[in-house]
Each structure stands twice: as C-alpha cells, then as structure tokens.
2 protein chains.
Amino acid sequence: MSTTEVPSVPATARERARAQVKAELLDAARARLEADGAAELSLRAVARDLGVASSAVYRYVESRDALLTLLIIETYDAVGAVAEQAAADARARGADPARTWLEVARAVRGWALAQPYAYELIYGTPVRGYRAPDDTVPSALRMWGVIVSVLQQAAEEGTLAPAGPDFDPHGRVTPAVVAVVGGALGPVSDDVLRIASRSATLFCSLLGAISAELFGHLHRFADDYGALFDVTIATAAAGVGLHADLSDA
Amino acid sequence: MSTTEVPSVPATARERARAQVKAELLDAARARLEADGAAELSLRAVARDLGVASSAVYRYVESRDALLTLLIIETYDAVGAVAEQAAADARARGADPARTWLEVARAVRGWALAQPYAYELIYGTPVRGYRAPDDTVPSALRMWGVIVSVLQQAAEEGTLAPAGPDFDPHGRVTPAVVAVVGGALGPVSDDVLRIASRSATLFCSLLGAISAELFGHLHRFADDYGALFDVTIATAAAGVGLHADLSDA
DNA sequence: TCACAACAGAGAGCAGTGCTCGCATCTGGA
DNA sequence: TCCAGATGCGAGCACTGCTCTCTGTTGTGA
C-alpha cells in the first residue's frame with residue numbers, strides 16, 4: 001500500500017526495520033491528512049500519534065514538505081488506480097469510449113467525495129511554492145493514460161466526432177507529450193496533435209467539475225449533484241467527440 | 001477600492017479615522033497576499049509592514065480568517081468586474097455570444113495569471129473548514145451573472161445550438177438558482193432549467209482550464225498555453241451550444 | 001562471540017505563528 | 001476642559017517546523 005523507496009527487497013535487517021517504521025509514519029500521516037487536511041497536517045501531531053519525539057520523525061523524512069510529497073505520490077497513484085479500474089470495468093461491460101469516459105469521471109468524483117482532503121492535496125492549491133514535480137510526474141500521468149486510451153479507442157473505432165471547433169493543433173502540445181500520446185498511433189500527424197490537445201480538454205472538464213463542487217462553488221446550485229456532474233462531463237466530452245447518452249441514467 | 005463596512009458616509013471623525021486605518025490594513029494584507037500567497041499570509045507580518053504591534057490589528061479584524069474573508073470578497077469583486085468588463089467590451093465590438101464567452105474566459109485567465117495568489121484564494125482549496133459563505137456569495141455571483149447573460153443572449157437570438165447530450169433538467173438546479181437565472185426569461189420552463197445547468201458547465205470548464213494550468217497539471221504540456229486554453233474553452237462551449245470560431249485567432 | 005560504529009530516539013532550544021489580556025496613552029465629543 | 005472610550009503596546013500562552021547535542025541501543029563485520 002505505502003510507497004516506499006526503491007529497494008523492494010531490503011537487504012539488511014536494519015533497512016527492513018527502517019522501511020517498516022517509515023511505512024507506519026506514512027500511514028499515520030495519511031490518517032491525519034484525511035482527518036484534518038493538508039494545511040493542518042502537523043509533523044508534531046503525527047509524531048505524537050506514533051508516540052515518538054517530533055525530532056525522531058526527521059530521521060525518516062527530510063521535512064514536512066517532503067512528507068507531503070510522499071503523500072502526494074501515493075494519492076496520485078490511488079486516484080490513477082481508481083480511474084484505470086473504472087475504465088477496465090466499463091470496457092468489460094462493453095461500454096463505448098464515451099460511456100467509458102463518463103464512468104471514469106464518475107469514479108474519480110466518487111473517490112474525491114469520499115476523501116476530499118486527498119483530492120485537495122493533489123488537485124487543489126499547490127502546497128508550497130513548488131512541490132518537486134519530477135517525483136510526482138509518473139504517478140500523475142496514470143490519469144492521463146486513461147484519458148488518452150479512451151480517445152485512442154474512439155479514434156480507432158472511428159467514432160470520434162468532435163462537435164467542438166476545428167483548430168490548428170500546432171503549439172498546443174509539446175513534442176514530449178506527443179511522444180507519450182502518439183506511441184500507439186504511429187507517426188506524428190495532426191490527428192495525434194489534436195487528440196493530445198483534446199485530452200487536456202477532458203482533463204480540465206473533470207478537474208473543473210469536481211473542484212467546483214468540492215470547493216463550494218456550486219453551493220445550493222443543484223438538488224442532484226451527481227446528475228449535474230454527468231451533464232457537465234458529457235457536454236464537454238461531446239465537444240471533444242465523445243457522445244454519451246444521458247437519457248438512460 | 002477597498003471594500004469597507006456598510007457606512008459609506010462615516011458619521012464621526014473617529015469612525016472616519018477607523019475606516020481609514022482599516023483600509024490601510026486591507027491594502028497591506030492584499031500586498032502580502034499577492035506576494036506570498038494566502039497560506040503564508042501572516043497577521044504579524046502585516047502588522048510589521050504597518051509599523052504596528054500585532055495585537056493592534058485585532059482592534060480592526062476579528063481573526064486571520066476574518067481578514068482572509070474580507071480579501072476573498074474583494075477578490076470576487078475584482079474578478080467579477082474583469083469578466084463584466086470583458087463581456088461589455090466584446091459586445092461593444094459586435095461579438096456574438098460564443099465570441100463574447102471566449103473573450104470573457106481569456107480575460108479571466110489573464111487576470112489569474114497576473115495575480116495567481118488572488119485566484120488561488122477564491123478558486124483554490126478553501127482556506128479553513130468553511131469560509132463564511134453568506135458574506136462572499138453576492139460578490140461571487142457576479143461571475144455567474146456574466147455567464148448567464150451570455151447564455152440568455154444566445155437563447156434570445158436563437159443561436160444556442162447545443163452539441164452536447166440532451167438531458168432531463170430536473171434536479172440539476174434548485175429553485176433558488178432558477179429564480180436568479182429565470183428572472184429575465186419568464187416562467188420556469190425546461191429551457192430555463194437547461195440554461196441554468198449549462199451555466200455550470202461553462203463555469204466548470206473555465207475553472208478547470210485555469211486551475212489546471214496554474215496549478216501545474218499541464219506542466220510542459222504545451223508551447224502556447226493561451227492557444228490550448230482557447231481550444232479547451234471553445235470545445236466545452238460548443239457542447240453547451242456556443243460555437244466559436246478559432247480559425248482566425 | 002564481541003567490540004564498536006552507526007543509528008534511532010529524546011529533549012532542549014530557536015524563530016516563527018495566531019490570539020488574549022492587562023495596562024498605558026491619547027483623543028474626540030460633550 | 002475633562003474624561004470615557006477608543007487605541008496601541010508588550011508580555012505571554014500554546015502551537016508550529018526545524019536543528020542540535022546527547023544518550024542508549026542494536027546490528028554487523030571481524
């Protein structure tokens with residue numbers, strides 16, 4: 001569960017014990033996080049929970065921000081796994097790409113509502129000036145992988161029919177992104193550029209819909225927030241070319 | 001500039017002096033906020049900037065959170081004014097509703113990029129458990145007013161052609177929202193409900209697009225983030241029924 | 001098996017925070 | 001002019017992140 005360092009097989013007994021303690025530390029920190037939120041997460045409080053002096057914690061973690069970074073990575077992995085699972089389940093039920101995306105979005109929303117502080121940790125205001133981005137990138141990319149897979153599937157099936165505007169795709173996406181997205185789509189064509197751009201649209205609509213609801217910007221707006229969420233996601237997805245049917249449920 | 005209490009005409013000299021000091025306090029706090037961000041905003045630092053003991057600040061403001069709430073209201077008003085101005089300018093230039101919305105979105109993005117900490121203050125992670133919502137609501141509604149006006153204009157012109165899915169609008173919106181939105185649209189019809197729901201879609205797409213960029217989720221994604229933003233906004237707007245042309249610029 | 005080096009933990013301490021309270025001081029309004 | 005109430009100050013409390021030094025333990029290589 002807890003993401004430790006590289007050595008998956010600790011050599012010495014000392015390293016094993018150390019990994020054990022660090023895992024307990026991360027678990028305690030996660031409990032505090034999900035109870036009080038990232039802003040209130042106090043290293044001293046975590047130390048108290050563990051029955052340990054606050055200074056001892058610094059044997060395992062460089063700083064409070066480093067601890068938060070570890071939790072951020074864990075959380076990106078958790079939400080990435082939720083999205084991947086939702087996509088797999090939907091496809092197993094024979095869902096088309098549009099339906100698959102809707103169910104992924106619903107799953108992520110459900111996860112966010114269940115643990116709002118975890119969602120805030122990764123998709124809310126960044127904690128300090130900058131969290132170390134490079135460490136978190138691989139885990140953060142899992143969500144993007146799901147989005148791109150949905151778009152690729154639709155493109156291959158030929159069901160990707162954008163209702164949104166046509167646009168010059170150049171400049172919208174960097175070569176690095178194209179490399180990731182285009183891997184399964186052959187040479188770098190304008191289509192690949194377009195799909196990459198549209199993955200951002202899907203991501204932004206998901207982020208916006210969940211953040212707006214969670215952060216109170218839709219306060220007293222709807223009776224059925226789940227239904228409103230479906231509309232928001234499906235509407236943006238239609239612009240991208242994924243047309244989901246909301247008449248059934 | 002600074003939003004003071006209700007008495008726009010202070011009766012006594014004492015009250016005038018008090019309002020003056022409070023305004024200076026808010027200005028200093030805003031400067032700190034825009035320099036360091038809400039999380040780092042320290043009441044003691046503001047007091048130092050004013051050359052005053054930290055305890056003296058409490059004569060004018062109940063707590064740090066109360067000070068933040070005042071800044072939040074100011075900020076909602078600022079971004080609301082930006083949106084209103086952008087809409088007015090666009091209409092003065094003869095822009096259609098879709099174009100108007102795109103320019104509003106661009107203006108808000110420009111404002112957010114210029115003062116990211118102000119944006120984070122209102123659209124990022126809420127500061128404490130709950131900010132007093134009732135005080136901030138009127139200012140926060142200005143943005144929604146702009147969105148609804150664009151949709152109403154399109155509906156009246158008959159150019160509102162949604163590409164997104166059809167949906168049962170009931171439950172998506174509360175009567176209170178309908179009262180606000182439907183004021184200029186006559187009786188509560190399903191069309192009013194639909195427009196209200198779609199205002200949430202526009203809002204969410206704007207929030208998601210700016211937050212994603214500002215919070216680093218599009219890190220190294222694009223060369224031209226402005227162009228990517230246009231695509232995101234226009235694509236979601238197309239789902240709602242506002243079709244903007246991106247081929248010109 | 002054993003000595004020792006490396007390591008984990010404790011606790012004091014520093015600088016910072018929000019906030020309270022009692023005390024002086026000043027000043028506006030009668 | 002006079003004084004009550006407004007205003008500011010500074011000490012102090014409890015909390016934070018983080019550092020430093022010291023002690024006791026424990027795993028490990030010889």
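The analysis underlying the following values was restricted to heavy atoms, covering all of them including side chains, and did not include hydrogens, waters or symmetry mates. To find a chain, count down the sequence lines: A is the first, B the second, and so on, and within it residues start at 1.
The shortest distance between the side-chain N/O atoms of B/Y58 and the OP1/OP2 oxygens of D/dT7 is not below 4.0 Å. Using a 4.0 Å cut-off, some side-chain N or O of B/R18 falls inside it from OP1 or OP2 of D/dT7. Residue A/R64 places no side-chain N or O under 4.0 Å from the OP1 or OP2 atom of D/dT16. The phosphate of D/dG10 (OP1 or OP2) has no side-chain N or O of B/S54 nearer than 4.0 angstrom.
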Polar atoms only, N or O, under 3.5 Å: list the protein pairs with nucleotides 27-30 of chain C and their distances.
{"from": "C/dT27", "atom 1": "O2", "to": "B/R14", "atom 2": "NH2", "distance (Å)": "3.4"}
{"from": "C/dG29", "atom 1": "OP1", "to": "B/T12", "atom 2": "OG1", "distance (Å)": "3.4"}
{"from": "C/dG29", "atom 1": "OP1", "to": "B/A13", "atom 2": "N", "distance (Å)": "3.3"}

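Put simply, the side chain of B/H217 gets close to the backbone of A/I122: a donor and an acceptor are under 3.5 Å apart. Proximity of a side-chain donor or acceptor of B/R64 to a complementary backbone N or O of B/L41 within less than 3.5 Å is detected. Between the A/Y225 side chain and the A/L218 main chain, a donor and an acceptor come within less than 3.5 Å of each other. In terms of modelled atom types and a separation under 3.5 Å, the side chain of A/S139 and the main chain of A/Y76 share no donor-acceptor contact.
In this structure, the nucleotide among D/dG17, C/dT17, C/dA8 sitting nearest to the side chain of A/R44 is D/dG17. Out of D/dC9, D/dT16, C/dT17, the shortest distance to the side chain of B/V52 is found at D/dC9. Closest to the A/S63 side chain, of the nucleotides D/dG17, D/dC18, D/dG12, is D/dC18. In this structure, the nucleotide among C/dG18, D/dG10, D/dG17 sitting nearest to the side chain of B/L43 is C/dG18.
Rounded to an integer number of Å, the gap from B/Y60 OH to C/dG18 P is 19 Å. A/E40 has its CD atom 13 Å from the P atom of C/dG18, to the nearest Å. Atom-to-atom, CG of A/D65 to C1' of D/dC18 comes out at 12 Å; the value is rounded to the nearest Å. The CG-C1' distance, from A/L41 to D/dC15, rounds to 15 Å in whole Å. In this structure, A/R48 places its CZ atom 14 Å from P of C/dG11, rounding to the nearest Å. Rounded to an integer number of Å, the gap from CG of B/D49 to C1' of C/dT17 is 15 Å. Whole-Å rounding puts the A/R59 CZ to D/dG17 C1' distance at 16 Å. The separation between B/L50 atom CG and D/dC9 atom C1' is 15 Å, rounded to whole Å.
A salt bridge links B/R220 with A/D134: the distance from a Lys NZ or Arg NE/NH1/NH2 to an Asp or Glu carboxylate oxygen falls below 4.0 Å.
For A/R48 and A/S42, the side-chain atoms include no donor-acceptor pair closer than 3.5 Å.
Looking at which nucleotide of DNA chain D each of A/S42 and B/G51 is closest to, the 5′-most match is held by B/G51.
Under the 30°/60° scheme for interplanar angles, the aromatic rings of B/F203 and B/W144 are found to lie parallel.
Between the side chain of A/S55 and the base of C/dG11, at least one donor-acceptor pair of N or O atoms lies under 3.5 Å.
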Applying side-chain hydrogen bond (donor to acceptor under 3.5 Å, both in side chains) to A/S211 and A/Y119, what does each step give before you reach the verdict? CA-CA 9 Å; A/S211 291; A/Y119 176 87; 2.8 Å; yes
